[in-house]
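Encoded as structure tokens, the structure appears first; notes follow it.
Labels below follow one simple rule: chain letters A, B, ... track the order of the sequence lines, proteins then strands, and each chain is numbered from 1.
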Amino acid sequence: MPEANLPKTYDPAGTEARWQQAWESSGAFHPDPGAPGEPFSVVIPPPNVTGSLHMGHAFNTALIDTIVRFQRLQGKNVLCLPGTDHASIAVQTILEKQLKAGGQRKEDLGREAFLEKAWAWKAESGGTIVGQLRRLGYSVDWRRERFTLDAGCSAAVIEAFNRLHEQGLIYRGEYLVNWCPASGSAVSDLEVEMKEVDGHLWHFRYPLTAGAAADGRTHLEVATTRPETLLGDTAVAVNPKDPRYADLVGQTLTLPLVGRQIPIVADDHVDAEFGTGCVKVTPAHDPNDFAIGQRHDLPLITVMARDGSMNEAAGRFQGLDRFEARQALVAAMEEGGFLVKVEPYRHSVPFSDRGKVPVEPLLSTQWFVRTEPLAARCREALDAAAAGPEPRFVPERWSKVYRDWLTDIRDWCISRQLWWGHRIPAWFVVSETGGVITDSTPYVVARDESEAMAKAESIYGTGTHAHPMVLEQDPDALDTWFSSGLWPFSTLGWPDADAPDLARWYPTSVLVTGFDIIFFWVARMTMMAGALMESRGDASAAWIPFRDVYIHGLVRDENNRKMSKSAGNGIDPLLLIERYGADALRFALVREVAGAGQDIRLDYDRKSDTSATVEASRNFANKLWNATRFALMNLDGETPASLGAPIAAELESEDRWILSRLVRTADEAAELYGSYRLGEAAKLLYEFAWNDLCDQYIEWTKPRLACEDAAARTAARRVLANSLAALLVMLHPLMPHLTEELWHALTGSDLDTFLALQAWPELEQGWIDDSYEQAFQFGIESVRALRNLRALSGVKPSERLPVGIHSGIPERQAFLEANQGKILRLVGGSTMGLDPKPTTGQLLGIVDSDAQVGITVPQQSLDAFRRRLEKDLEKAEKEIKGLAGRLANPNFGGKAPPEVVAECRANLAEAEAQAEEARRRLADLV
RNA sequence: GCGCGAUUAGCUCAGCGGUAGAGCGCCUGCCUUACAAGCAGGAUGUCGCUGGUUCGAACCCGGCAUCGCGCACCA
């Protein structure tokens, strides 16, 4: 519990743990779908259970939690739902690596034992992750925590697969897929990363079957970066417009080493300008060649096995690994006189994201999602929604990236030859094909085995077919992103259309995620929703699973590299939390965010595990701590509630000023938070708290808090207590633990009442007042000018000196008379004169053209003072020159808006007056 | 090749038509009892280069340069 006397420095560790525990055990963030309040919902991007969280997760968490905590303060019925992702291929890769280290393969364990291991891994990693998320103070509903492979999500996957299949949106077929030999699985296009590598371009001679052409040519020359695929060549292609080869099209070549006769075909794909203009065509091993093969009805010859070695079709190269085969083949070609030359060649090679090896385009029978109809629906929602694009991207530019990807999209290969994941709900009728699964084994898609059996019976259960009917479920698993694509509705209870959470919180309010998974995840979710949630919709796109998509940048390290586990430059968020506190880390991350979703850079010293950025936020936390400590010391047991709201009649200058600033800040902060400009909200509140409340208000009001006059003291207490309480509420989304702690200390609220569930401050708009703000600003500037003179004078700070301030403006004079005592205290003055006449022994300074200040000093430090005056003069003269130049331009007077011209004139007069004043002072000095 | 972003104080970044700001760092002085994780005062910039639009450009438009990212790729 908050201590009556707060210690001098804030210690986050105990405080944070205490409130995390209190929030969770009280169910503070466990919303009731039946409760009132506008619904606001977020499902968090589920982290992969691949180990522990990195800074990117902490960043994402800080942003989401700031948003949902703000919305809670707005009185909405907020659901923030947490969970984790089973990360099929990533986790399986980790586990297989572990097995390999122990000299085992997954086949040695068997499917069941392997899955047990995987679940054990999930339990450990998931536990670590959830622990880390708790340490950040995430205000999610842990009672609704989900896992993409839990019973509910699995049921959703089966249902989704069946419905998509029924709609003709899932099909099975043999196509060229990206095969990852390391994982032993197909992967999708998105899981392939193009990398530049230094390779070679081998030029080969393919002899004409006819011996020699009319012009005497005996062969064509082709070039390749992958000689081993030669064994699967079934044609050589040239451009149809290429005059060099026009007469050869239709003839055949003899494929070296193999002896196969392959045709010369004409195809537009071939660039006549590149190389010799002849391309070898290997339809079974290259996507472009596959397309050429389709157009020319070429045979497909697969020469490679799934482990990346050469197969029986490779003849004498069979059994060799694909890279060994390359060497062997080149050697054989050279020996046979078919090698023309070898050039070094830098080119892009597709690599598997997970396996980190080159992927092999391979013919394979897999399951696919037909994406175009789904993508079309998403594009329509983006372009045609009456109420604006759905979803709405923030920043908007990402919608173009999203749309472009949904245009010309290719079908999505969803089957994976993996064990860890959702097993595909399809059953092969193996009794039809001798007990084994082949590409031609018939299958049924069903919700479970008994439904599958019933379906199979109805189709194959008659007459000629084998009995008894034997089914075997497809051994393959689904792409992880298939279940992730259902996340916004599977977590809310889908496919139960009547699930209360689904009814209340779907579609979700905002999705907050990094741009790197727009394709993987964001687009998959909208596509899935288009097929499965569309029935919800009326005319509008109510099925789109989130209204807004807030895209944030990546966290980069001190060298501007993306922080990632694989690069080894990640920073464990817990390290920084332990050193500075979760609030400091959160505030630092959010504060770094610029408006446009730029990447953020977190500076970090790896030797000492320190970060200047986070430290600055920690210091801010400590500042708030001490401001509250100061308030408590002066409130004498009173609270904002017991004191009541400030009363206009008893307010002094600084009260009116801080209240005006407070209301403005609250309005602006609400606007910024609500429009996802979180970094700006953080900076605004930081400045208000530190500059306005602490540096100015508290300092000006100290004399009243200490004075004998009970009425004056109470007035000051009211303003201080209320301003601070409002500030703590406004900062709560950014620094939840600290503000919860301080708010309890300040308000004396019960333990089971939470700041997290309070309302955003309701403040009197009437407190906003420009004239008070201006008058007080004059006070601030006068004090600064006097302090500056003192600093120049070299007089000991402890020595009190007579000061003078002069202004010709009645309001200012009134302000000065009313605040003499406070000003004297702030500048270390002994007496204050309001006399305009400079006297000898005074150092004089300028506030503006109206106001001058002076201090009386025993000995003047004339050199420093002169330098200051010269500098003032120089500055004023420079300004005069600029302003006069502008005014002298006849076009300026004619075309610029009158108020700009007037302002310019006023500034000129001001600068001239200041210059004049400075000259006079300089003359006096001599 | 197509597209996107960045280029502002020593560092990290705001600002996006009226003559430049913050944090950190730096200089000077302060343990002024809320806070030295602090206070006060101060210094620091041909706003990447180059044309143009405008009375006026860090900001708008056209080039160029450098860095970074995405997509597509020619064997």
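When the side-chain nitrogen and oxygen atoms of A/K702 are compared with OP1 and OP2 of B/A34, one or more of them lie within a distance under 4.0 Å. Between A/N788 and B/G42, a side-chain N or O to OP1/OP2 separation shorter than 4.0 Å is present.
Nucleotides B/G5 and B/C13 are separated by 15 Å at their C1' atoms, to the nearest Å. For the P atom pair drawn from B/C64 and B/U44, the interatomic distance equals 37 Å after rounding to whole Å. Nucleotides B/G41 and B/C4 have their C1' atoms positioned 45 Å apart, rounded to a whole Å. Taking the C1' atom of each, B/G29 and B/C69 are spaced 48 Å apart, rounded to whole Å. Remark: the separation of the C1' atoms in B/C27 and B/A43 is 7 Å, to the nearest Å.
Using a 4.0 Å cut-off between a side-chain N of Lys or Arg and a carboxylate O of Asp or Glu, A/E699 and A/K822 do not qualify as a salt bridge. Between A/R704 and A/E654 there is a salt bridge, since at least one side-chain N of the basic residue sits less than 4.0 Å from a carboxylate O of the acidic one. Between A/E360 and A/R226 there is a salt bridge, with a side-chain nitrogen of the basic residue lying less than 4.0 Å from a carboxylate oxygen of the acidic one. Between A/E196 and A/R346, at least one side-chain nitrogen of the basic residue sits less than 4.0 Å from a carboxylate oxygen of the acidic one, meeting the salt-bridge criterion. A salt bridge links A/E228 to A/R326: at least one charged side-chain nitrogen sits closer than 4.0 Å to a carboxylate oxygen. Using a cut-off of 4.0 Å between Lys/Arg side-chain N and Asp/Glu carboxylate O, A/D189 and A/R410 are scored as salt-bridged.
Both A/S348 and A/E193 lie near RNA chain B, and the one whose nearest nucleotide falls closer to the 5' end is A/E193. With the nearest nucleotide of RNA chain B identified for both A/A223 and A/T628, A/T628 has the one nearer the 5' end.
Backbone-only engagement by A/K400 is indicated by non-hydrogen atom pairs under 4.0 Å involving sugar-phosphate atoms exclusively. Using a 4.0 Å heavy-atom criterion, one finds that A/D271 contacts the bases of the nucleic acid, with or without backbone contacts as well.
The main-chain N or O of A/T613 is never found under 3.5 Å from a side-chain atom of A/R618 such that the two would form a donor-acceptor pair.
One can place CZ of A/R825 at 14 Å from P of B/C39, the figure rounded to the nearest angstrom. When rounded to the nearest whole Å, the span between OH of A/Y245 and P of B/A75 equals 17 Å. The separation between A/Y697 atom OH and B/C39 atom P is 19 Å, rounded to whole Å. Rounding to whole angstrom units, CG of residue A/D603 and P of B/G10 are separated by 18 Å. Atom CD1 of A/I698 is separated from atom P of B/A40 by 12 Å (rounded to the nearest Å). The nearest whole Å value for the distance from the CG atom in A/D605 to the P atom in B/U12 is 15 Å. In this structure, the NZ atom of A/K683 is 11 Å from the C1' atom of B/U12, given to the nearest Å. The separation between A/L684 atom CG and B/A22 atom P is 15 Å, rounded to whole Å.
Here the side chain of A/M633 is nearest to one of B/C55, B/A75, B/A34, namely B/A34.
With both pairing distances under 3.5 Å, B/U33 is matched to nothing as a Watson-Crick or G-U wobble pair. Within the shown strands, nothing qualifies as a pairing partner of B/U53 under the Watson-Crick or G-U definition with both distances less than 3.5 Å. As the counterpart of B/C47, no nucleotide is assigned, since no Watson-Crick or G-U wobble pattern has both distances under 3.5 Å. In a base pair of the Watson-Crick type (N1 to N3 plus N6-O4 or O6-N4) or a G-U wobble (N1-O2 and O6-N3), with each distance short of 3.5 Å, B/U7 is matched with B/A65. A 3.5 Å limit on both hydrogen-bonding distances identifies B/A22 as the Watson-Crick or G-U partner of B/U12.
Between the side chain of A/K8 and the base of B/C35 there is no donor-acceptor pair of N/O atoms closer than 3.5 Å. In this model, no side-chain donor or acceptor of A/R787 finds a partner on the base of B/A40 within 3.5 Å. In this model, no side-chain donor or acceptor of A/E221 finds a partner on the base of B/A75 within 3.5 Å.
Here the closest heavy-atom approach between residue A/Y604 and residue A/S611 is recorded as CD1-CB, 4.1 Å.
Scored by the ring-ring contact (aromatic ring centres under 6.0 Å, His included) test, A/W405 finds A/F519 as partners (sequence neighbours excluded).
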What are the atom names and distances for every N/O pair under 3.5 Å that joins the protein to nucleotides 27-30 of chain B?
none

